[in-house]
Protein chains: 2
Amino acid sequence: MQTLPHVVIIGAGFGGLRVARGLRKFPISVTVIDRRNHHLFQPLLYQVATAALSPADIATPVRSVLSDQSDADVMLDEVIGVNPQKKEVLLTGRSVNYDYLVIATGSTHSYFGHDDWEKFAPGLKTIADATNIRQKILLAFEKAEIEPDPVLRKNYLTFIIVGGGPTGVEMAGSIAELAKVALASDFRHIDPKSARIILIEANTRVLATFPESLSANAKKVLQNLGVEVMNGARVEKVDAEGVLVSGKRIFSSTVMWAAGVQASPAGKWLNAETDRSGRVKVQPDLSVANHPEIFVIGDTAHVLSKKGIPLPGVAPVAMQQGSYVAKLIRSRIAGRPFTEKFTYFNKGNLATIGRASAVCDLGKIKLTGFIAWLAWIFVHIFYLIGFRNRVLVLLQWAWSYVTYQRGARLITSELRTEIPSTSQKAAP
Amino acid sequence: MQTLPHVVIIGAGFGGLRVARGLRKFPISVTVIDRRNHHLFQPLLYQVATAALSPADIATPVRSVLSDQSDADVMLDEVIGVNPQKKEVLLTGRSVNYDYLVIATGSTHSYFGHDDWEKFAPGLKTIADATNIRQKILLAFEKAEIEPDPVLRKNYLTFIIVGGGPTGVEMAGSIAELAKVALASDFRHIDPKSARIILIEANTRVLATFPESLSANAKKVLQNLGVEVMNGARVEKVDAEGVLVSGKRIFSSTVMWAAGVQASPAGKWLNAETDRSGRVKVQPDLSVANHPEIFVIGDTAHVLSKKGIPLPGVAPVAMQQGSYVAKLIRSRIAGRPFTEKFTYFNKGNLATIGRASAVCDLGKIKLTGFIAWLAWIFVHIFYLIGFRNRVLVLLQWAWSYVTYQRGARLITSELRTEIPSTSQKAAP
């Protein structure tokens with residue numbers, strides 16, 4: 001039996017899966033390595049964090065995605081390094097050889113050198129992050145309900161989101177609707193509508209990568225939902241009591257981080273040149289300098305747009321890069337010349353603000369409000385992997401839209417470990 | 001303002017919620033205390049454990065259930081005791097006074113004095129239990145896939161369920177179908193169909209509370225699904241390597257416990273007489289001896305049937321007891337005489353075995369196979385709380401039925417802490 005050329009793909013996100021699917025039906029052996037068993041539809045993760053969707057609605061087992069691709073192997077394992085000389089990927093306790101390597105390992109939160117802030121202000125990258133944040137938000141209302149001290153009660157009802165990019169804006173809008181609509185009649189000792197939701201953004205406007213008119217619209221819609229938007233505000237400290245922002249203390253028991261990202265350590269594995277946030281500076285064909293057989297794509301790659309600005313870490317960029325690399329590898333293996341450079345075609349940017357509003361930047365066309373929200377729904381349903389997920393998510397959105405209710409309001413961890421301090425404070 | 005009589009209900013399960021709903025629209029103040037924020041539809045918990053449903057599909061926030069009942073208060077807190085003299089319930093750090101108290105605190109697993117077995121053979125009572133077992137089952141296949149040692153690989157592909165009651169039978173059937181159908185084409189180095197699923201039952205037959213003909217049918221259906229049913233088998237030891245059963249060692253990395261139950265500590269709180277499994281021996285009106293204002297219902301109560309056999313710990317018993325106690329309290333508060341004793345009306349028993357078979361005991365009528373499965377679906381959908389849950393669960397069942405797929409195959413915890421030993425063993 002002839003040995004097929006072996007392509008190893010690290011990471012089963014938008015980029016990695018595009019590469020794997022692009023090599024289907026070719027005489028190429030593919031191995032996808034991920035430390036999680038599921039592909040995650042990250043753009044909807046904030047909906048899990050705010051109790052609108054269930055984890056399984058936005059996650060698909062990687063094995064299911066590649067089930068019909070018999071030359072594709074899936075490994076649930078953690079990569080600890082790469083040996084480019086030996087062409088091998090090092091896992092915890094074993095290694096895998098490759099002919100071509102694609103690194104699509106994504107990014108994580110960056111606290112700009114303040115890693116100690118993470119435990120007070122968790123970020124949103126994984127399903128565990130989302131269910132933890134969901135629990136934190138729901139518990140804050142529960143703690144407020146049984147808290148006799150009005151000052152502490154107010155702290156429990158103050159929610160702070162640091163970072164006014166799409167994730168921060170979406171989180172803020174969604175928490176506002178949760179507090180002011182979905183939970184409104186469920187408590188007897190507090191008024192959830194009195195909750196403060198504060199969005200802190202260092203830039204002079206939210207959604208800074210969008211056109212100014214859309215930023216202004218997003219801010220107005222957020223304010224109508226009751227969100228306090230603080231622009232040009234610098235977070236100086238995050239601790240158990242809340243945040244210090246531009247010299248002012250805001251007390252809050254629930255702070256969430258949506259500010260910075262840090263690329264995965266691929267640059268270190270390869271000893272390659274990276275930018276400030278750790279992204280590998282790749283060649284025009286997305287390969288690594290002096291290693292035409294290694295490619296870096298998605299949030300881990302530093303690629304300049306035609307205008308000379310680094311491409312953003314969003315799904316469409318990763319997907320287009322994945323398709324490009326699959327095509328390149330197919331040509332290379334087939335012995336065909338391939339000189340095309342990677343170029344990103346920006347189809348538009350979307351961000352949603354609450355249950356019936358969004359902003360949509362299609363270049364010349366800019367949409368806001370309900371029509372933008374419908375565009376947002378269409379795009380997100382279209383790209384969700386799996387027919388079942390699409391139907392379930394659409395159904396839950398329809399239900400939420402009609403009833404204003406959130407279906408996934410679950411606190412699942414043990415209570416005893418969760419509210420000891422409150423309960424003691426609450427002694428009569 | 002006149003003070004309303006105050007009914008405190010501990011536990012928001014089937015029994016507790018029935019009491020609360022039965023007091024709606026009467027001039028009665030109700031407080032429901034639970035240490036979890038959701039009512040759980042426990043009969044479908046095994047479907048979460050075997051990746052067929054998501055937690056939110058079978059759980060509803062208690063606050064949502066009682067949202068329209070403005071005299072009902074919900075407390076997310078843990079009860080640590082009861083003071084019947086002062087008529088107060090003791091919580092962690094505070095207390096709540098009552099005029100009437102209903103204890104509906106359910107049961108937990110019993111390891112018959114071998115509590116050290118729990119960490120090797122988890123039971124299935126909460127959502128956290130279910131997602132942990134789901135993760136354990138899915139990880140066993142993943143570990144087998146990367147395991148070069150054939151002996152260890154076999155251990156990973158051996159699943160043992162201890163206890164052949166409805167939960168054990170349902171788990172065994174569901175794991176068999178997961179292994180032999182849903183996962184069948186997703187692995188490259190193992191054949192999931194080769195997995196061994198072993199159901200161990202000390203009694204001479206499975207579903208011992210059902211008529212013999214239905215037990216025999218259930219056993220046959222399980223065997224057709226590939227489950228090895230061991231009857232009259234005594235588990236003597238459970239440890240990290242598997243189980244010792246009737247003197248014989250069976251190696252397995254995934255053992256699940258569905259054998260015994262232990263009532264909640266209500267008997268200790270009340271200093272009341274209990275049976276062997278800790279259930280409070282209540283009066284014919286479900287009150288506690290010498291305390292006509294305290295009632296114990298559901299899995300925590302020891303109540304004899306007309307035949308003199310203790311009523312089983314199932315949802316219909318708890319629900320009928322809840323309705324009865326609500327009626328009794330309403331009469332008592334209204335000053336009407338109430339002398340009716342509680343009697344249980346058994347509408348029938350159901351257990352499902354896999355995706356298209358069940359057994360159904362309606363007394364004179366006994367159903368098996370597909371028709372019993374449809375009855376099972378109808379009953380479970382009917383009693384699921386919330387329109388949304390019913391639609392979602394029905395949709396997911398339909399999808400699973402047509403495609404043989406499981407939609408909730410998620411491993412969400414960090415890998416690093418999960419498979420260190422395997423990975424090291426797997427070094428080439």
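In what follows, chains are A, B, ... by sequence order, proteins preceding strands, each numbered from 1.
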Please indicate whether A/Tyr401 has more than 12 foreign heavy atoms, meaning atoms of other residues, nucleotides or ligands, lying under 6.0 Å from its OH.
yes
With a 4.5 angstrom heavy-atom cut-off, is it the side chain or the backbone of B/Leu410 that approaches chain A, or both, or neither?
both
Measure the spacing between CG of A/Asn37 and CG of B/Leu139 and express it to the nearest 0.5 Å.
7.5 Å
Interatomic spacing from CG in A/Leu138 to NE2 in B/His38 - rounded to 0.5 Å:
11.5 Å
Tell me which one of B/Arg409, B/Gln405, B/Arg406 satisfies side chain to side chain contact (heavy atoms under 4.5 Å, CB included) with A/Pro61.
B/Arg409
More than 12 heavy atoms of other residues, nucleotides or ligands under 6.0 Å from NZ of B/Lys125: yes or no?
yes
From B/Ile411 atom CD1 to A/Arg35 atom CZ, the distance as rounded to the nearest 0.5 Å
14.0 Å
If I measure from the heavy atoms of chain A, does B/Ser54 come under 4.5 Å with its side chain, its backbone, both, or neither?
side chain
Side chain from CB out, backbone as N, CA, C, O: work out which of these in A/Leu66 comes under 4.5 Å of a heavy atom of chain B, or both, or neither.
backbone
The interface call for B/Arg188 against chain A, heavy-atom contacts under 4.5 Å, is side chain
Please look at A/Gln396 and chain B and tell me whether the side chain, the backbone, both or neither of the residue comes under 4.5 angstrom of a heavy atom of that chain.
side chain
I need the B/Met75 CE to A/Glu145 CD distance, nearest 0.5 Å.
8.0 Å
In short, A/His189 meets B/Asp73 closest at the heavy-atom pair NE2-OD2, 2.6 Å
Minimum-distance pair of heavy atoms, taken over all atoms of A/Leu76 and B/Ile146
O-CD1, 4.3 Å
Between B/Ala51 and chain A, which part of the residue has a heavy atom less than 4.5 Å away: side chain, backbone, both or neither?
neither
Using non-hydrogen atoms only, which part of B/Leu91 is less than 4.5 Å away from chain A: side chain, backbone, both, or neither?
neither
Where the side chain of A/Asp186 meets the backbone of B/Ser67, is there a donor-acceptor pair that is under 3.5 Å apart?
no
Which one, B/Val62, B/Val391, B/Leu392, leads in non-hydrogen pairs under 4.5 Å with chain A?
B/Leu392
